[in-house]
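Reckoned from all heavy atoms, side chains included, excluding hydrogens, waters and symmetry mates. Labels below follow one simple rule: chain letters A, B, ... track the order of the sequence lines, proteins then strands, and each chain is numbered from 1.
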Number of protein chains: 2
Amino acid sequence: MSNEIRRNMALFPIGIVMKLTDLTARQIRYYEQNDLIQPARTEGKQRLFSFNDVDRLLEIKELIEKGLNIAGIKQVFDLKAPITMETEITETSEKTRKELTDKELHQLLKQQITNPGAFRHGENVLLRGELSRFFH
Amino acid sequence: MSNEIRRNMALFPIGIVMKLTDLTARQIRYYEQNDLIQPARTEGKQRLFSFNDVDRLLEIKELIEKGLNIAGIKQVFDLKAPITMETEITETSEKTRKELTDKELHQLLKQQITNPGAFRHGENVLLRGELSRFFH
DNA sequence: TGTTCATGTAAGGAAACCTCACTTGCCCTT
DNA sequence: AAGGGCAAGTGAGGTTTCCTTACATGAACA
């Protein structure tokens, strides 16, 4: 839940994603253009990628290496989606992602932090401490 | 171990860190200037922050809010360091961080990914799959 | 009142990113 | 052999984000 929020936080600029995935900027933009990913944007329209985006790009890369074309990859993702069970929920959270991430997520984080003590030691702390839990 | 690598990966530009911590760029740079953090840099000298850096900035913020000044915060960190046990190891890994992160970490990641199959299903996969494990 | 500390703010420049358009290499098909 | 489509490279021109440096401000305090 807040797990999903974390995975969907828009955090990385394209330069970092290039290094993490070893894809070129051209490729990443091309995949976006073909609807394989939908990274968030800053106000200035620069792309911001989440962990999920990076994960997906790595999947795309593998499939490309296996010789699939864009249409094939799209097909694979369409087939994989239902497997995660309860497609509706997945779709819902995808919507949540697109609407929440860009506008309110950082705000949410801010509130939790700038409201000192209010969430300390609680289940809802997204950063500080939770951050440690980002890594098992 | 590779856990520590992940926590120390230089990933975020200052803009993101501002949102995550609700600190101003001025503050973040000032804390760096006073040696409270040592973010990595891109070749073009732009700051890149790791999870550990963000975590530390949040600690700094808390202490600032409690009324500590820079010297006090420095003191707190000096006192906290030995508690993590085996200071030497901590120092070593700090060195590892500074030297590894900037130069070789992404390279390391690249290799593991561009060498398809070699690390699949192994313990050493840092991304794809491991990425999911970033979140417990 | 003057000093120090933490931060704000402004200027000028550089890095990183953006879109658009054209090109290239490869694989097909005719 | 020619033509077409796909995935990606490359270049131009512009915008956004970040950099350092320097000066300003407000609070605390000697």
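Ranked by how close their nearest DNA chain D nucleotide is to the 5' end, A:Gly44 and A:Ile70 are led by A:Ile70. Nearer to the 5' terminus of DNA chain D, by closest-nucleotide assignment, is the contact made by A:Asn69 (compared with the other of A:Asn69 and B:Ile14).
Using cut-offs of 30° and 60° on the angle between ring planes, the pair A:Phe12 and B:Phe12 is parallel.
Residue contacts for A:Arg29: at a heavy-atom cut-off of 4.0 Å it reaches a base atom on one of the strands shown.
Of the candidate nucleotides D:dT20, C:dC18, D:dG9, D:dT20 has the atom lying nearest to any side-chain atom of B:Arg41. The side chain of A:Arg26 lies closest to D:dT10, out of C:dT19, C:dT7, D:dT10.
Ion pairing between a basic and an acidic side chain is recognised when a charged N comes within 4.0 Å of a carboxylate O; A:Asp55 and A:Arg7 show such pairing.
The side-chain tip of B:Arg56 points at the ring of B:Phe77 from less than 6.0 angstrom away and within 45° of straight on.
Considering only side-chain N and O atoms, B:Arg47 lies under 4.0 angstrom from the phosphate OP1 or OP2 of D:dC19. In terms of phosphate contacts, B:Thr42 brings a side-chain nitrogen or oxygen within less than 4.0 Å of OP1 or OP2 of C:dA16. For the pair B:Thr24 and C:dG8, the criterion of a side-chain N or O lying under 4.0 Å from OP1 or OP2 is met. Under 4.0 angstrom from either OP1 or OP2 of D:dA8 there lies at least one side-chain N or O belonging to A:Tyr31.
Counting non-hydrogen atoms of other residues, nucleotides and ligands closer than 6.0 Å to NZ of B:Lys66 gives a total of 12 or fewer.
Per the geometry, CD belonging to A:Gln46 stands 17 Å off P belonging to D:dG14, to the nearest Å.
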